[in-house]
There are 2 protein chains.
Amino acid sequence: MSAIDRLIQLLAKLPGLGPRSARRAALHLVKRRETLLVPLARALAEAADAIRTCSVCGNLDAGDPCAVCADTRRDPSVICVVEDVADLWALERAGSFRGTYHVLGGVLSALDGVGPEDLNLSALVTRAGAGAVTEVILATSATVDGQTTAHYIAERLAGCNVVVSGLAHGVPVGGELDYLDDGTLSAALKARRPVE
Amino acid sequence: MSAIDRLIQLLAKLPGLGPRSARRAALHLVKRRETLLVPLARALAEAADAIRTCSVCGNLDAGDPCAVCADTRRDPSVICVVEDVADLWALERAGSFRGTYHVLGGVLSALDGVGPEDLNLSALVTRAGAGAVTEVILATSATVDGQTTAHYIAERLAGCNVVVSGLAHGVPVGGELDYLDDGTLSAALKARRPVE
């Protein structure tokens, strides 16, 4: 197989790229040797070298512990539990959480055969029980599997002396009521609060 | 900037990937270190090393002359002129052309300020005039700029002793009449042929 065909085949494995767009991306790269192809090859090699899973929280970052766990300005007494590294990144982009994280690596799912032992769960219980933690925020998805997982974790943490909380449900900021589903509207009504 | 941020920034420069999908792709890569991240880094480095522009036809391939120009089973007396390497690849996938190619690297465009000297044109005239070539097929796009370019090339080749031809216009194979534009339908009617 030629160098270009191998490149196209690998690019087609990226999410969002099919065989046709992988071809387009490969040509784009090959035409921009110095500005894109070489820097991307270098960035990938560096990422392969540097990036590892944080042994504390399960985040992916250059260095172990990760930048979040290593940051002494952050509050280690609050742990936010997320399904995936992508969720951690999303919360970091929002920039309003100053505690630490714990990445589960998925959710419990009878259908997909994912049990508690497949998730990064016992490490969470150990962290929560170590004494320094006062609150665990369960930020799993608002799906059936996500909420099942949250309930399971809440039960597992019952023995630890921590407050277990969950994200608020309601109208997304900037969202129009007209486009919202019934469940979200009901939740937003139920959790209504006095206007200050 | 961290290794992951740099990777995301570079991936976002690929066609078809925005900042959001670049983030998804980066995470996908970092999670699949051995099966995708390392092989892709290697494939890119290899492509950067091996791939160059063919000095004969302007194709991008590992090696100069490219695999098409170097293939002795192909007919060097017919040259198919295309705008871009992507068009050459498309014709090669179709697999019915056994001649050689010439890649212009664009089309004439008054709007974008692309003149004849910006295209790989004089090399084409030299190739066509060298004596071994009998036919030049103009396979530029059926757009205004593409057809202007084809007319210009036909004029430039008037001095060479070669047949200059263009691709047929008509109904795409598998295409429904209902969805075709008026221009294509008119062209297909005008170029109708006896049923054998």
Side-chain angles (χ1 to χ4, degrees), chain A residues 1-53 59-63 66-67 84-90 93 103 105, chain B residues 1-53 59-63 66-67 84-90 93 103 105:
Chain A
M1 199 192 291
S2 85
I4 285 189
D5 288 336
R6 196 160 44 240
L7 184 58
I8 293 172
Q9 203 184 46
L10 287 166
L11 285 171
K13 290 185 185 171
L14 293 180
L17 289 182
R20 188 176 280 266
S21 44
R23 223 151 41 212
R24 210 154 63 96
L27 193 57
H28 190 88
L29 279 163
V30 169
K31 281 184 182 170
R32 286 155 189 82
R33 196 179 174 286
E34 296 310 322
T35 56
L36 194 53
L37 179 56
V38 173
L40 184 59
R42 204 171 298 140
L44 284 166
E46 271 171 28
D49 270 352
I51 290 166
R52 50 204 80 248
T53 304
N59 187 12
L60 287 164
D61 200 5
C66 70
D84 194 273
V85 176
D87 302 326
L88 188 160
W89 289 3
R93 280 198 302 279
V103 180
Chain B
M1 198 191 293
S2 86
I4 285 190
D5 288 335
R6 196 159 46 236
L7 184 57
I8 293 172
Q9 205 183 46
L10 287 165
L11 285 172
K13 290 184 184 171
L14 293 180
L17 289 183
R20 189 176 279 266
S21 44
R23 226 152 38 212
R24 211 153 61 95
L27 194 57
H28 190 88
L29 280 164
V30 170
K31 281 184 182 172
R32 286 156 189 81
R33 196 180 174 285
E34 297 310 322
T35 56
L36 194 52
L37 178 56
V38 174
L40 184 58
R42 204 172 298 141
L44 285 165
E46 272 170 28
D49 271 351
I51 289 167
R52 50 204 80 247
T53 304
N59 186 14
L60 288 164
D61 199 4
C66 70
D84 195 270
V85 177
D87 303 326
L88 189 160
W89 290 2
R93 280 198 302 280
V103 181

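Residue numbers start from 1 in every chain, and the chains themselves are labelled A, B, ... in the order their sequence lines are given, proteins ahead of strands.
- To the nearest 0.5 Å, the span separating CG on B:Leu7 from CG on B:Leu37 amounts to 7.5 Å.
- Looking at A:Arg20, there are no atoms closer than 4.5 Å to chain B (heavy atoms on both sides), in backbone or side chain.
- Residues meeting the side-chain contact (heavy atoms from CB on, under 4.5 Å) test with A:Glu46, sequence neighbours left out: A:Arg42, B:Arg6.
- For the options A:Pro15, A:Gly16, A:Ala50, heavy-atom pairs under 4.5 Å to chain B are most numerous at A:Pro15.
- Within the model, atoms CG of A:Leu14 and OG of B:Ser21 stand 10.0 Å from one another, a figure rounded to the nearest 0.5 Å.
- In terms of non-hydrogen atom pairs under 4.5 Å with chain B, the most contact-rich of A:Thr53, A:Leu36, A:Val85 is A:Leu36.
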Taking only distance into account, with no hydrogens and no angle test, what donor-acceptor pairs under 3.5 Å do side-chain atoms of residues 22-33 of chain B form with protein atoms, sequence neighbours excluded?
residue : atom : partner : partner atom : Å
B:His28 : ND1  : B:Arg32 : NH1          : 3.4
B:His28 : NE2  : A:Lys13 : O            : 3.3
B:Lys31 : NZ   : A:Asp84 : OD1          : 3.1
B:Lys31 : NZ   : A:Asp84 : OD2          : 2.6
B:Arg32 : NH1  : B:His28 : O            : 3.1
B:Arg33 : NE   : A:Ala48 : O            : 2.7
B:Arg33 : NH2  : A:Ala48 : O            : 2.7

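- Both the backbone and the side chain of A:Leu40 have a heavy atom closer than 4.5 Å to some heavy atom of chain B.
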